[in-house]
Amino acid sequence: MAQQPIDWKAIEEKWRRRWEEARLFEADPDPNRKKCFVTFPYPYMNGPLHIGHGFTATRVDIYARFMRMRGYNTLFPWAWHWTGEPIVGASLRIKMGDKDLIRALKEIDKVPDEELEKFIDPVYMARYYTRESREAVKRIGFSVDWRREFHTTIYEPTYSRFIEWQYMTLRDLGYVTRGTHPVVWCPSCQSPTGDHDRLEGEGVFPEEYTLIKFIFEDGYLPAATFRPETIFGVTNMFINPDATYVEALVDGEKWIISKSAAFKLSEQLKKVRVLREFKGRELIGKYFKEPINGRELPILPGWFVDPESATGVVYSVPAHAPADWIALKDLMDKPEILSEFGIPPEVVREIKPISLISVEGFGEYPAIEVIEQLNVKDQFDPKLEEATSIVYRKEFHTGVLKPICGKYAGKTVRDVKAQIIEDFKRANIADSMYDLPQRVVCRCTTRCIVKILEDQWFLKYSDPEWKRLAHEAVDAAKIFPESARVYFHDKIDWLRDWACARKTGLGTPLPWSPDWIVETLSDSTIYMAFYTIVKHIRRYDIKPEQLVREVFDYIFLGKGDHDNVSRLSGIPPNILREMREEFLYWYPVDLRVSAKELVPNHLSFFIFQHVALFPRELWPRAIGVNGVLTIEGQKMSKSKGNFLTLRDVVDRFGADVVRLTLALAAEEMDDPDWREENARSVDARLRSLYAFINQVSGMSGEDSIKSIDRWLLSMLQSRIRAVTEAIENLKTRTAAEIALYEVWNDIRWYLRRRESPNPKILREVANVWVRLLAPFTPFLCEELWSMLGNEGFVSMAEWPKYDESKVDVRAEEVEEFIRGVIDDTWSIIRVTRASPKTIYYYVSAGWKWKAFIKLLEMSSVKKVDMREAMRTLMEDNELRSVAKDLAQFVSRLIEEVNTLPAERRRALLKAGIIDELGDLREAADFLKKEFSCEVIVYREDDPDRYDPRGKARQARPYRPAIYIE
RNA sequence: GCGGGGAUAGCCAAGCCAGGUCAAAGGCGCAGGCUUCAGGAGCCUGUCCCGUAGGGGUUCGCGGGUUCAAAUCCCGCUCCCCGCACCA
């Protein structure tokens, strides 16, 4: 199998053109054929397709091509996702001259200058990438029906009509609700700041604080806390003397809070009117009242109080909050600070921590104990945070409230916390506000706050009934790999309501509230249904305004009759019927594949929305989940500079090489790793494959059938079966591995064993082989298929069928036997470091075979022991005559026979007594070549044998005795 | 923290669900040989350790256990990766 220069590009172009001319992958309903509808989640067009897209989509295409060859009417459509913020964002950044982005687009995406300048129009940008990506998809050879291509957003008005229908229907079904929701918000951009839009604060989300409204003069000091239960242990207040505070009317009450808190609250549905501004020191030394028992407590200076955090008002519980204790201790140690504020030292000295939670393993004052344990020095010690977290966790999970807590006494903190908050709020002792636990800075450099968005539209994924249906859909579907099923169930339970509309970005406006746009993950859930009718929309030039609700109701839900709907829409009734029929023909989706990162969002939404909108028989049939691609072991990213676009990779290596390399990289949920080294190796293999098939196609020679010929065909059957089963289960790596390497190794062994290969057999094998590989390397296989003299496309050829009649267990056992003999012989040669002149083999005597088979039979019923075995064997006259040797023979074999796996035992029994002498003599020439010496074969009981060391009697079935000179 | 996936010989990676054919597929790399008008091609052999006869020893993250028998089952531990929401 020598290599030849092959022009991949020429082959690929040739067949791509022919496929297109033949409209090979355009699939239309055919009631006489079973259908298969596979989909790949449409990619987002803010950049070129990368090799990670290529990986997942290749798996889809392998499956599609496989099913097509198995006779299924197979549809693999493709579309483009334009919905969302990033395209607009990128476009804006280009407009503003963002150097990093522009360089990335030039260098990685290879966008020419004259195109780049037009990217200030986001739609132009999306169109550009769509055009580029379409080319890449064609080049890599995905078997797509392009008549059904579309993109999303209002720029594809008929798609928008579809989305409108979807959301009106969902709303009527009660799955869309209205509500409020806290988001991280940039006051400058006036929009939510997602994780990827931040300079600082990745992974930071709003947290809800309880505000305890301590009474102060004619108003309140609302102190923020996560631990409202500790109010029973409050001893004082801390205010930052240098921070700016305000007196403000908040929903009609007078509140004293930090200046920034006032602003934040105004974004959280509170009516805020600032009355006056002042420094915190004004409050220091004054007294406030706690609202439970009305105790009067002092306000002390605390510079650790961050006015940017929550209200900037902090109450102090030194028994249970390490920070509070440390702050108090500081003040006790530094009376001069107190005097600066005119506070007598005894005010602080007399403060006693009040214990309100009992915790196993701690005494009265857990905070103080932990501070001592960790040796926290002062308020600025980083260990303080750890101390706080230890106390908090311990008290939350195991703490029990003490009698001082009144009606909550005796309960654990965990159980009663929510109740306390509710009670306090009802009693107007508490309120709440959201804030960010850490600084978050928007890309525009503005510090973010939490805003509560009103009138937000939600998909009610929290609905238990909806969840139940989603679970049922997961149970009913095939999930590849099976282990991902639990992942889906888990994520369905975990999903909360999803804000399904946004104010900015591209998309489709909500039909009943057009200032909102359907959010990107929410407009991409059932669009596979649109593939089934977009063909008609194009062909019959159906206008968006014709696509009234009733049209979709009719097509997708079977509501109404076509005459009526025709009147409403102006679409002829026969076309409506055709669309309905086409939808019903293709639906449900037979397979959808994506990377595992989409399980918690896209794939789960896909399931949810299908169960909401469609009857059970139209729910997805199978979902495949795969890993996330890395490049040479590294996560792919544009900033790291290891971003590989699909187009570049296909340009460099050719479509088939890329496809096969990707297929061989991983399956199930393992992460594939793209390695150039692997691609080069695959390239070499394919060149050799070409050379081999080329050679076989013109080969002539004798065509007698020997055992080795039957062996090759027999092996091929098990390869066919294994590849078929693997692809059925989307185990594309296993399938590719067997189809390429295992078959290759079989053929190699065959060529080695057969001095003059049988051309007919090889051509038969080649015809199967090329078809097994066709889903993986379709271009090359088309070429090889025609090289082998076949008419038509291999893409449409019948998938090889497992042929029982070609299975030859005996031939397989014979090869096992020969291979074993070779291995044993090599082993001896290596150990003795001899260079053999003559090798003598002695095959087992007839009685050994007889006993061996008998033992196999006995052990397939149940485990045999020595005594029982001998008793049965001795019933045979011939065996009895060699009783002494028999006993030795059986004792050596019995363990082995007993532990043989059932399958193997069956194979051995099926093969029966093989003609060791004949087979070995037939292989003698081959063995001579292998060992470059003479080979002589005897039967162990041949009276004329040459056996100077008495080796012959060691012979066992399948393991002849060996003597080497 | 919650959830999911992992840990196998130099590397990648099968096997584990259904315990014995497992010193453990396949690929890559490496070494030796062959082939070739010596291009990153092909073929053969080797690649845990020991062994002058086909054998033996020790391995499948760590520690226990079940079993005649465990990479595979059970318990505990350590470490790695990924997701965690208004975002594609």
Side-chain angles (χ1 to χ4, degrees), chain A residues 1-5 41 43-44 46 81 83-87 181 183-184 192-197 203 205 393 453 456 458 461 481-484 486-488 490-491 493-502 505 519-522 524 595-602 627-628 633 635 664-671 673 675 677-678 680-685 687-688 691-692 733-734 737-738 740-742 744-745 748 751-752 816 820-821 823-834 863 895-896 898-905 907-908 930 949 951 954 959-964:
Chain A
M1 299 191 203
Q3 207 195 23
Q4 284 184 11
Y44 187 64
N46 65 335
H81 205 191
T83 309
E85 186 65 35
I87 292 175
H181 190 70
V183 294
V184 179
T193 310
D195 233 6
H196 46 277
D197 291 329
F205 298 105
R393 286 220 304 271
L453 287 181
Q456 202 25 296
F458 290 94
Y461 291 144
E482 183 55 41
S483 61
V486 55
Y487 194 12
F488 276 104
D490 184 63
K491 289 307 164 195
D493 280 335
W494 161 89
L495 268 172
R496 304 193 304 256
D497 290 349
W498 182 263
C500 60
R502 293 207 60 174
E519 175 270 338
T520 172
L521 284 172
S522 304
S524 55
K596 58 189 168 190
E597 56 198 2
L598 294 194
V599 171
N601 42 65
H602 168 70
V628 181
K635 202 171 178 172
L664 285 166
E667 64 194 4
E668 311 221 303
M669 289 212 269
D670 294 334
D671 296 333
D673 187 23
R675 296 192 173 209
E677 184 180 281
N678 292 349
R680 269 189 266 117
S681 154
V682 166
D683 181 272
R685 289 281 176 169
R687 286 174 199 282
S688 299
F692 172 72
R733 199 197 84 89
T734 298
E737 195 267 332
I738 295 167
L740 182 67
Y741 296 113
E742 304 291 352
W744 195 295
N745 287 341
R748 246 180 9 204
L751 292 175
R752 194 171 148 199
E816 280 297 303
V821 167
D823 283 350
D824 283 349
T825 309
W826 272 120
S827 172
I828 295 168
I829 291 172
R830 258 195 308 280
V831 169
T832 59
R833 290 184 210 127
K863 225 164 128 173
E895 167 78 14
E896 193 183 313
N898 273 330
T899 58
L900 225 43
E903 198 185 327
R904 180 102 188 92
R905 190 179 291 127
L908 286 170
E930 289 289 308
R949 294 275 190 91
K951 294 279 183 194
Q954 290 178 8
R959 303 207 63 182
I962 303 170
Y963 173 64
I964 298 177

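Lettering follows sequence order; numbering is per chain, from 1.
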Does [X] have a side-chain nitrogen or oxygen under 4.0 Å from the phosphate oxygens OP1 or OP2 of [N]?
X        : N     : answer
A:Ser688 : B:A41 : no
A:Arg748 : B:C43 : yes
A:Arg959 : B:G55 : yes
A:Arg685 : B:C28 : yes
A:Trp744 : B:C43 : yes

Do [X] and [Y] have side chains that get closer than 4.5 Å, going by heavy atoms?
X        : Y        : answer
A:Phe458 : A:Arg496 : no
A:Leu664 : A:Asn678 : no
A:Asp671 : A:Lys596 : yes
A:Ile964 : A:Thr832 : no
A:Arg502 : A:Pro192 : yes

Closest listed nucleotide, where the reference is the side chain of [X] and the choices are [options]:
X        : options             : answer
A:Leu521 : B:G83, B:C87, B:G26 : B:C87
A:Arg733 : B:G83, B:A25, B:C87 : B:A25
A:Met669 : B:G83, B:G5, B:G26  : B:G5
A:Trp494 : B:C84, B:A13, B:C82 : B:C84
A:Glu737 : B:A53, B:A25, B:G3  : B:A25

Can you tell me the distance, in whole Å, between the NZ atom of A:Lys596 and the P atom of B:C84?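 Those two atoms, NZ and P, are 13 Å apart.
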Can you check the A:Glu677 CD to B:A41 P distance for me, whole Å?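 In whole Å, B:A41 P lies 12 Å from A:Glu677 CD.
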Atom pair CD1 (A:Ile828) and CG (A:Asp823), whose distance is rounded to the nearest 0.5 Å: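 Interatomic distance, A:Ile828 CD1 to A:Asp823 CG, rounded to 0.5 Å: 11.0 Å.
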Rounded to the nearest 0.5 Å, what's the gap from NE2 on A:His81 to CG on A:Asn46? Could you check?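 Answer rounded to 0.5 Å: 11.5 Å.
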Categorize [X] for me: base, sugar-phosphate, or nothing, with a 4.0 angstrom heavy-atom threshold over every strand shown.
X        : result
A:Pro41  : nothing
A:Glu742 : sugar-phosphate
A:Tyr461 : nothing
A:Phe205 : sugar-phosphate
A:Asp670 : sugar-phosphate

In whole Å, what separates the [atom1] atom of [N] from that of [M]?
N     : M     : atom1 : value
B:G27 : B:C43 : P     : 10 Å
B:C49 : B:G64 : P     : 26 Å
B:C60 : B:C37 : P     : 49 Å
B:U72 : B:G15 : P     : 15 Å

Answer yes or no: is there a donor N or O on one side and an acceptor on the other, between the side chain of A:Ser681 and the main chain of A:Glu677, under 3.5 Å?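 No: the side chain of A:Ser681 does not pair with the backbone of A:Glu677.
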For A:Leu900, is there any backbone N or O sitting under 3.5 Å from a side-chain donor or acceptor partner on A:Arg905?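 Yes, because the side chain of A:Arg905 sits within donor-acceptor range (under 3.5 Å) of the backbone of A:Leu900.
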Whichever of A:Arg904 and A:Val486 has its nearest RNA chain B nucleotide further upstream toward 5':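 Nearest-nucleotide comparison on RNA chain B picks A:Val486.
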First encountered from the 5' end of RNA chain B, between A:Asp490 and A:Asn678: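 Here A:Asp490 is the residue nearer the 5' end.
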Check nucleotides 47-52 of chain B against the protein and report each pair of N or O atoms closer than 3.5 Å, with its distance, or say if there are none.
from, atom 1, to, atom 2, distance (Å)
B:U52, O4', A:Val831, O, 3.3

Want to know the stems of RNA chain B: at least 3 consecutive Watson-Crick or G-U pairs with distances under 3.5 Å, which are they?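 If one scans RNA chain B for consecutive Watson-Crick or G-U pairs, the stems found are B:1-7 with B:78-84, B:10-12 with B:26-28, B:29-34 with B:42-47, B:48-50 with B:55-57, B:61-65 with B:73-77.
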Taking atom types as modelled, is there a side-chain donor on A:Glu668 or A:Ser483 under 3.5 Å from an acceptor on the other?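 The criterion, which ignores hydrogens and geometry beyond distance, is not satisfied for A:Ser483 and A:Glu668.
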Using centres under 5.5 Å plus planes under 30 degrees as the test, is A:Trp826 stacked with B:G46?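 It does not: the ring fails the test against the base of B:G46.
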